[in-house]
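Take a look at the structure set out below.
Proteins come first, then strands; the chains are lettered A, B, ... in the order of their sequence lines, and each starts at number 1.
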There are 2 protein chains.
Amino acid sequence: MNFLEHAVELDWRHSTIEAVGDVIEFWGFKRNQGRVWAHLYLSTSPKSAAELQDELGMSKGAVSMLLRDLEYWRVLKKTRIPNRRAWLYSPETNLKEMIGRVLRERELHFISEVSETLKKAEADAKAEGVDPIIVSRLTKMRIFADGMKKAMDLFITGAQLDLRSVMDVFRPTKAIVAHFKTKRRK
Amino acid sequence: MNFLEHAVELDWRHSTIEAVGDVIEFWGFKRNQGRVWAHLYLSTSPKSAAELQDELGMSKGAVSMLLRDLEYWRVLKKTRIPNRRAWLYSPETNLKEMIGRVLRERELHFISEVSETLKKAEADAKAEGVDPIIVSRLTKMRIFADGMKKAMDLFITGAQLDLRSVMDVFRPTKAIVAHFKTKRRK
DNA sequence: CACATAGTTCAAGCCTGCTTGAACTTCAAG
DNA sequence: CTTGAAGTTCAAGCAGGCTTGAACTATGTG
């Protein structure tokens with residue numbers, strides 16, 4: 001491998017790893033979690049913590065913690081090779097399964113909480129006799145949150161989704177209120 | 001209004017505003033941008049910067065900058081009332097239009113860049129004669145990014161989306177490569 | 001034009017959350 | 001059981017981004 005080829009290789013590996021880091025950060029995880037997974041994913045052989053530390057320029061402690069997190073989310077697998085002390089890590093390669101699982105746990109839960117908060121606010125505001133315009137706005141927001149949740153759920157499970165129904169969230173007020181009445185509970 | 005009612009009111013307004021802040025932060029914007037919009041959205045009358053500063057407990061400078069941002073994204077409207085010096089702000093109430101527009105500009109652009117980076121990496125890796133397994137992994141990631149982009153685009157435009165096609169991204173390698181060949185450009 | 005209030009700017013400080021690295025614990029090999 | 005490499009922990013430090021507030025600019029009013 002000559003100098004130029006080496007430069008190019010550094011470049012595409014590096015830019016890919018950084019791009020994955022960006023996406024992972026975008027999803028609310030740590031940038032370096034993405035970088036570690038991507039580095040393994042661009043390698044054909046498993047790597048030890050020491051190698052990752054060296055090749056990604058991170059501290060021993062950082063690598064240890066990142067690997068723990070990634071293992072927890074089953075985004076990589078630990079393996080051992082005879083006559084070698086260190087654990088070796090390989091990436092989970094089933095993107096669909098892996099991303100779906102992780103997003104389900106985190107983002108879906110988050111949206112559900114928002115929806116619950118809005119539902120509670122609606123009830124309180126109504127009980128308090130607040131201006132109906134405000135109550136309907138709370139309803140609108142809650143239905144939007146439910147739409148996001150549904151869209152994300154369907155995205156994750158890979159099922160069919162008619163997003164028209166999600167965006168129906170924004171029908172005129174009367175219809176929204178009707179929807180609300182049929183769906184509320186407690 | 002007695003003490004308890006007041007407490008409840010504080011509570012649902014407050015929790016709603018914080019929930020909106022959470023969602024806005026989740027989408028990569030500033031928490032306080034969400035709080036400002038939500039505060040206006042829960043009011044039936046427009047508010048001045050001074051009122052927002054007071055009611056949300058923010059500094060003059062912060063409010064000024066937040067309003068500038070929100071106005072830029074057309075998430076609220078400036079109005080003026082005769083015989084009153086200050087500008088008054090009211091929220092954009094069309095959630096669908098507003099969220100769609102903002103997400104299109106930011107998130108769609110972001111995903112497109114990732115896709116471009118991966119496309120470039122694929123080309124470089126291929127040119128370099130890298131292990132085909134690695135090249136196919138780059139392809140897999142790029143197709144996934146394209147799937148995300150498509151899903152988000154359709155979510156935003158409110159069009160119909162068969163997410164099955166998005167998740168088809170993860171078919172066995174042969175099919176992926178075929179898909180890749182038919183879709184690439186340049 | 002002068003005044004006073006509204007609005008903007010930005011350097012400094014603050015806050016949060018990530019990273020470091022040294023001390024500690026675990027564990028396979030001999 | 002001993003040894004030393006591998007792995008973990010966490011207090012302290014660091015970095016980046018948000019907020020503050022004082023100085024400055026703009027603008028409506030008389």
Side-chain angles (χ1 to χ4, degrees), chain A residues 17-18 20-40 45-73 75-90 106 110, chain B residues 17-18 20-40 45-73 75-90 106 110:
Chain A
I17 288 169
E18 296 310 315
V20 171
D22 289 344
V23 171
I24 263 48
E25 193 172 32
F26 172 76
W27 282 115
F29 299 87
K30 293 179 194 165
R31 169 179 198 76
N32 279 337
Q33 290 168 350
R35 292 180 72 235
V36 167
W37 176 84
H39 188 65
L40 292 171
S45 53
K47 288 177 182 297
S48 69
E51 286 165 330
L52 289 167
Q53 178 183 348
D54 187 41
E55 292 162 15
L56 289 170
M58 297 173 185
S59 71
K60 201 184 181 195
V63 171
S64 175
M65 288 184 287
L66 293 168
L67 289 174
R68 172 160 45 61
D69 296 341
L70 293 172
E71 213 195 330
Y72 172 78
W73 282 311
V75 150
L76 45 76
K77 299 167 264 197
K78 246 180 177 173
T79 53
R80 199 179 261 300
I81 277 184
N83 294 336
R84 181 138 183 223
R85 180 66 206 286
W87 286 103
L88 298 181
Y89 297 87
S90 22
R106 265 174 137 273
F110 168 74
Chain B
I17 288 169
E18 296 309 316
V20 171
D22 289 343
V23 171
I24 263 48
E25 193 173 33
F26 172 77
W27 282 115
F29 299 88
K30 293 179 195 165
R31 168 178 200 76
N32 279 338
Q33 289 168 351
R35 293 181 71 235
V36 168
W37 177 84
H39 188 67
L40 293 171
S45 53
K47 288 177 182 296
S48 68
E51 286 165 330
L52 289 167
Q53 178 184 348
D54 187 41
E55 293 162 14
L56 289 170
M58 297 173 185
S59 70
K60 202 184 180 194
V63 171
S64 174
M65 288 184 288
L66 293 168
L67 290 174
R68 172 160 44 61
D69 296 341
L70 293 173
E71 213 195 330
Y72 172 79
W73 283 312
V75 150
L76 46 75
K77 297 166 264 194
K78 247 180 177 173
T79 52
R80 199 179 260 301
I81 276 184
N83 293 336
R84 181 140 182 219
R85 181 70 203 285
W87 285 103
L88 298 180
Y89 297 87
S90 24
R106 264 174 137 271
F110 168 75

Can you tell me how far P of D:dA6 sits from NZ of A:Lys47, to the nearest Å?
16 Å
Heavy-atom closest pair (A:Glu51 atom, A:Pro46 atom, distance to 0.1 Å) is OE1-O, 4.2 Å
Taking the side chain as C-beta and beyond, is there a heavy-atom pair between B:Lys77 and B:Tyr89 under 4.5 Å?
no
When the distance from CD of B:Gln33 to P of D:dT19 is rounded to whole Å, what number comes out?
9 Å
Without decimals, in angstroms, what is the distance between B:Leu67 CG and C:dT8 C1'?
12 Å
From NZ (B:Lys60) to CE (B:Met65), nearest 0.5 Å:
12.5 Å
Contact between B:Val63 and B:Leu56 at the side-chain level, heavy atoms closer than 4.5 Å - yes or no?
no
Map B:Asn83 and A:Lys78 onto DNA chain D by nearest heavy atom, then report which one ends up closer to the 5' terminus.
A:Lys78
All N/O contacts under 3.5 Å from nucleotides 9-18 of chain D to the protein, with atom names and distances to one decimal?
from: D:dT9; atom 1: OP2; to: A:Arg68; atom 2: NE; distance (Å): 3.4

Is the side chain of B:Arg31 donor-acceptor paired with the backbone N or O of B:Val20 at a distance under 3.5 Å, no angle test?
no
Let me spell it out: for each of A:Pro82 and B:Trp87, pick the nucleotide of DNA chain C with the closest heavy atom. Which residue's pick is nearer the 5' end?
B:Trp87
If only atom types and distance count, is the side chain of A:Arg106 paired as donor or acceptor with the main-chain N or O of A:Gly28 below 3.5 Å?
yes
Find out whether B:Leu52 and B:Leu67 are in side-chain contact, i.e. whether some heavy atom of one side chain is under 4.5 Å from a heavy atom of the other.
yes
Take the protein atom CG of B:Leu66 and the nucleotide atom P of C:dT8, then report the distance between them rounded to whole Å.
12 Å
Nearest heavy-atom pair of B:Ile17 and B:His39: which atoms, and what distance?
CD1-ND1, 3.6 Å
Collect all protein-nucleotide pairs involving nucleotides 2-4 of chain D in which both atoms are nitrogen or oxygen and the distance is under 3.5 Å.
from: D:dG4; atom 1: N2; to: A:Arg85; atom 2: NH1; distance (Å): 3.1

Just the rounded figure in Å: distance from C1' of D:dA26 to CZ of B:Arg80.
11 Å
Rounded to the nearest 0.5 Å, what separation is found between the CG atom of B:Leu76 and the CD atom of B:Gln33?
10.0 Å
Start with the C-alpha distance between A:Val36 and A:Met58, add both sets of side-chain angles, then the distance that settles side chain to side chain contact (heavy atoms under 4.5 Å, CB included), and finish with yes or no.
CA-CA 10 Å; A:Val36 167; A:Met58 297 173 185; 4.2 Å; yes
Output for pair (B:Leu88 CG, B:Arg80 CZ), nearest 0.5 Å, gives 8.5 Å
Expected output is a numbered-order residue list: members of residues 51-59 of chain B with a heavy atom under 4.0 Å from any atom of DNA chain D. What is it?
B:Met58, B:Ser59
Counting any heavy atom closer than 4.0 Å, what does B:Ala50 reach on the DNA or RNA strands: base, sugar-phosphate only, or nothing?
nothing
Whole-Å distance, A:Arg84 CZ to D:dG7 C1', equals 14 Å
